[in-house]
Protein chains: 2
Amino acid sequence: MHEWQEEVLAEVRAGSRISDRDIVDKVRRAVLMQRLPPGTRLPEVTLGEVFGVSRSVVRKALTRLASEHVVDQRPNQVARVRAPSIEETRETFAARRLVEGEVAALLAGRLEAASRDRLAAQARGEIEAHGRGDEPARIEHSLAIHHLLAEHSPNRVLGAMLTDLILRTSIVIALYKRPNLASCFLEGDHTALLAALERGDAEAAREGIRHHLESLEALLDLSPREASIDLMAILGRSREQA
Amino acid sequence: MHEWQEEVLAEVRAGSRISDRDIVDKVRRAVLMQRLPPGTRLPEVTLGEVFGVSRSVVRKALTRLASEHVVDQRPNQVARVRAPSIEETRETFAARRLVEGEVAALLAGRLEAASRDRLAAQARGEIEAHGRGDEPARIEHSLAIHHLLAEHSPNRVLGAMLTDLILRTSIVIALYKRPNLASCFLEGDHTALLAALERGDAEAAREGIRHHLESLEALLDLSPREASIDLMAILGRSREQA
DNA sequence: GACAGGGTCATTGTATACAGGATCCTTGCC
DNA sequence: GGCAAGGATCCTGTATACAATGACCCTGTC
């Protein structure tokens, strides 16, 4: 995790105060961006040095990351970046289809003008970013759309659950994306979904979500493999470099 | 929280080793049993004395309880037992209907003989406990049934989400139960559900869950009140006694 | 009597020290 | 060469000390 460590050090020197929340955000983001591959060891002292805080703060951050399923924290063992199995990936997608479908159905016809405009803007942004081949920007826009859905969910409990599921699916998408695939862009899905929401068609919105997430899952390589991931998670020192 | 404190002290002296997990379990249970009413202050030192450990352990436990939505932990403020609002209660029930309904549907026709027998035994136990007026035992059996569903969910992700939702609904049931109501027993619901699971009727199982949870919610007193709960949560020292 | 100001106390935030456990490497044996 | 036992090292678990923030109370004023 050395390169990442250096980058963070630079950022940290710039901004001054660091709290556990900052650490959670930075690590989560790093995992999402695959700067910290699955299995990476995250010793408390090392993280503390990176962020310039002591173990107390790091511990709290790691506990929170564990409850977000980003990190694996086992008694008396070094925390590691989690590597969800193929099975768990499928289950996460299924759960997200259920929850996000319901959220979309609840949201149909209830969108305020301001929210609708922000959604539309993100959808346009995604298309543009895809057009100019800017994949990171496209991902940002795509995530923003789904996060907006979660945020505006009339049912806040479901909304919070959706936020968690969006994070988890993003991680496994990064993990299992077919290497030759440049992008997970599904042309028109988001636009169609927004249209359904706008005209208040709850079932179309639910189906739109279901279809979108099924297509996304189909883009992944979830064929059973030599259990390399699992072995790596168990014996895995090969991936890290500290 | 003094009486509870003394009881725990006794238990703790008996058993020897106490870890953060034990604290989480004991506090969770105390909240569920309404030994610790909503709004109760939970200072770290006090809890530490009760369990005979230092603040480090208590802090970890409180963080976990906060992520389980049992406790409210805000920066620089004493952790308090959470008091979910009426709105959140409704949303929690809706979320649970969605998730548990899906779990039941997935489980229909897939129950192993052993699991089915354990479920049936708990259902019988619930009816018996209700018959002899033993409400705590009845609750235990009822909870056990739903926890078994969560545990055996073919989709583990949904199963974990369901576990969380069962806890949260149990808390709000205890909170909002009509005072004159002796029991939240719904005769036949569990038996009918098990029958649907057994004969592999996924939609009947889903509907069984939906109906069961709607009836349960209807037993609660969720009429809007003088915001007493909210005020209590905000200004509330009246409830605690440490 | 209500309200603003300031001081005190209670409680959390953070860092650090020490103890215990896990891992890793080395050594000695087969 | 492979493998088990032992020790060194790394890392986490826990307790404690100090800093800092927020809550509470008391006082003085209008």
Side-chain angles (χ1 to χ4, degrees), chain A residues 1-2 5 12 15-25 27 36 39-67 71-82 231-242, chain B residues 1-2 5 12 15-25 27 36 39-67 71-82 231-242:
Chain A
M1 75 182 221
H2 269 139
Q5 185 171 337
V12 166
S16 45
R17 282 184 36 262
I18 295 295
S19 79
D20 58 318
R21 189 150 249 161
D22 300 311
I23 301 181
V24 172
D25 287 344
V27 173
L36 294 175
T40 307
R41 290 160 46 95
L42 300 171
E44 298 173 359
V45 279
T46 313
L47 278 181
E49 287 164 9
V50 169
F51 289 101
V53 296
S54 93
R55 283 179 54 209
S56 329
V57 189
V58 174
R59 275 180 84 82
K60 190 165 186 174
L62 283 176
T63 304
R64 298 181 89 105
L65 285 166
S67 80
V71 155
D72 225 5
Q73 211 184 12
R74 298 155 77 157
N76 289 322
Q77 268 170 262
V78 192
R80 292 178 125 90
V81 177
R82 233 172 84 86
L231 277 182
M232 184 122 40
I234 294 166
L235 333 156
R237 324 216 293 299
S238 41
R239 281 274 202 152
E240 35 96 13
Q241 49 201 328
Chain B
M1 76 183 221
H2 268 141
Q5 185 170 337
V12 165
S16 46
R17 281 179 33 258
I18 296 295
S19 79
D20 59 317
R21 189 151 251 162
D22 300 311
I23 300 181
V24 171
D25 287 344
V27 174
L36 294 175
T40 307
R41 290 160 47 96
L42 299 172
E44 297 175 359
V45 278
T46 313
L47 277 181
E49 287 165 8
V50 170
F51 288 102
V53 296
S54 92
R55 284 179 52 211
S56 329
V57 188
V58 174
R59 275 180 85 82
K60 191 164 186 175
L62 283 176
T63 305
R64 298 182 91 105
L65 284 166
S67 81
V71 157
D72 225 6
Q73 212 185 11
R74 299 157 79 154
N76 288 322
Q77 264 169 264
V78 193
R80 292 179 125 89
V81 176
R82 233 171 84 86
L231 277 183
M232 183 124 37
I234 293 166
L235 333 155
R237 323 215 294 300
S238 41
R239 282 274 202 153
E240 36 97 9
Q241 50 202 329

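Below, chains carry the letters A, B, ... as their sequence lines are ordered, and counting in each starts from 1. Small disclaimer: the values here were computed from a predicted structure and weren't measured.
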Strictly under 3.5 Å: I want the nitrogen or oxygen pairs between protein and nucleotides 10-14 of chain D, one per line.
| from | atom 1 | to | atom 2 | distance (Å) |
| --- | --- | --- | --- | --- |
| D/dC11 | OP1 | A/R41 | NH2 | 3.0 |
| D/dT12 | OP1 | A/E44 | N | 3.3 |
| D/dT12 | OP2 | A/E44 | N | 2.9 |
| D/dG13 | OP1 | A/N76 | N | 3.4 |
| D/dG13 | OP2 | A/R59 | NH1 | 2.8 |
| D/dG13 | OP2 | A/R59 | NH2 | 2.7 |
| D/dG13 | N7 | A/R55 | NH2 | 3.0 |
| D/dG13 | O6 | A/R55 | NH1 | 3.0 |

Terminal helix-axis angle for the helix from C/dG1-D/dC30 to C/dC30-D/dG1, with five pairs defining each axis and rounding to 10 degrees: 20°
What distance do [X] atom [atom1] and [Y] atom [atom2] have between them, rounded to the nearest 0.5 Å?
X	Y	atom1	atom2	result
A/R80	A/D72	CZ	CG	9.0 Å
A/R55	A/T46	CZ	OG1	11.0 Å
B/R21	B/K60	CZ	NZ	9.5 Å
B/Q77	B/R41	CD	CZ	10.0 Å

Taking only residues two or more places apart in sequence, or in another chain, which ones meet B/T63 in a side-chain hydrogen bond (donor to acceptor under 3.5 Å, both in side chains)? none
All side-chain hydrogen bond (donor to acceptor under 3.5 Å, both in side chains) counterparts of B/R64, not counting sequence neighbours: none
Please report the distance, rounded to the nearest Å, between CD in B/E49 and P in C/dA10. 13 Å
Listed partners of B/V53 passing side chain to side chain contact (heavy atoms under 4.5 Å, CB included), at least two apart: B/I18, B/I23, B/F51, B/V57, B/V58
Could you pull out all residues at least two apart from B/V71 that satisfy side chain to side chain contact (heavy atoms under 4.5 Å, CB included)? B/L42, B/L62, B/L65, B/A79
